[in-house]
Amino acid sequence: MQAVCEHNYSRFLRMLPDCDTEELSYRFTVADNLAYCITILDSARYTSTVSIEQVNHRVPSFMKPCMVVRLYHDAKMAEVISSQNTGAIAASYHYPNTKMHAKNEKQMVNVFLAEWLQFCIKLQPQILDEV
């Protein structure tokens, strides 16, 4: 998981070199009716917190990917701290559990973030607007 978080940090820097600027928002237009809004929620000397949300008015909100990611600048790691508005994600879960979290849920959401960042970098969105 540490390697995934390190790669995610470097991918974030490729997409958002100024990710340490507080209260900055970007909109990536990937395709027709598919855009993502990345908002820097807070930034400190060693960390930044970033929100990522899909913007698509045709899709119900529970089906849109959204996550909060913490970037650790000193460790050069990016970790998903909340996904789909579920709150903090534990390192692992006993299975079965009442909320039906997967045993390795934290690993899975960080791998999803890695795939999403790779997708955005590969596609090289044409529009990178400050919102």
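All values below were derived from every heavy atom in this structure, side-chain atoms included, with hydrogens, water molecules and symmetry-related copies excluded.
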Please round to the nearest 0.5 Å and tell me the distance separating atom [atom1] of [X] and atom [atom2] of [Y].
X	Y	atom1	atom2	result
M15	Y26	CE	OH	10.5 Å
Q54	M67	CD	CE	10.0 Å
I81	K106	CD1	NZ	8.0 Å
S25	I40	OG	CD1	8.0 Å
C120	I38	SG	CD1	6.5 Å

Any pair with a residue in residues 6-16 that passes salt bridge (charged side-chain N to carboxylate O under 4.0 Å, His left out), sequence neighbours left out, goes on the list, sorted by first then second residue, please. none
Are N8 and V69 close enough that some pair of their side-chain heavy atoms sits under 4.5 Å apart? no
For residues H7 and Q118, determine if any side-chain heavy atom of one lies less than 4.5 Å from a side-chain heavy atom of the other.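 They are not in contact (no side-chain heavy atoms under 4.5 Å apart), so the answer is no.
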Quick one: do I121 and M77 end up in the same hydrophobic cluster if we chain Ile, Leu, Val, Met, Phe, Trp and Tyr together by side-chain heavy atoms under 4.5 Å apart?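 The answer is no; the residues belong to distinct hydrophobic clusters.
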Going only through I, L, V, M, F, W and Y residues with side-chain contacts under 4.5 Å, is there a path from L113 to V55? no
Any idea which heavy atoms bring E79 and Y72 closest together, and the distance?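 Minimum heavy-atom contact is OE1-OH, 3.4 Å.
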Non-neighbouring partners of [X] that pass side chain to side chain contact (heavy atoms under 4.5 Å, CB included), sequence neighbours left out:
X	value
Y46	D74
S10	none
V109	V80, S83, I89
Q107	M1, V4, N104, V111

Quick check against the 3.5 Å criterion: does N110 have a side-chain atom that pairs as donor or acceptor with the backbone of C5? no
Could you pull out all residues at least two apart from S51 that satisfy side chain to side chain donor-acceptor pair (under 3.5 Å)? none
Taking ring pair (Phe, Tyr, Trp, His ring centres under 6.0 Å) as the definition, give me every residue that meets it alongside Y9, ordered by chain and number, with sequence neighbours left out. H73
Please say whether more than 12 non-hydrogen atoms of neighbouring residues, nucleotides or ligands are located less than 6.0 Å from NZ in K76. no
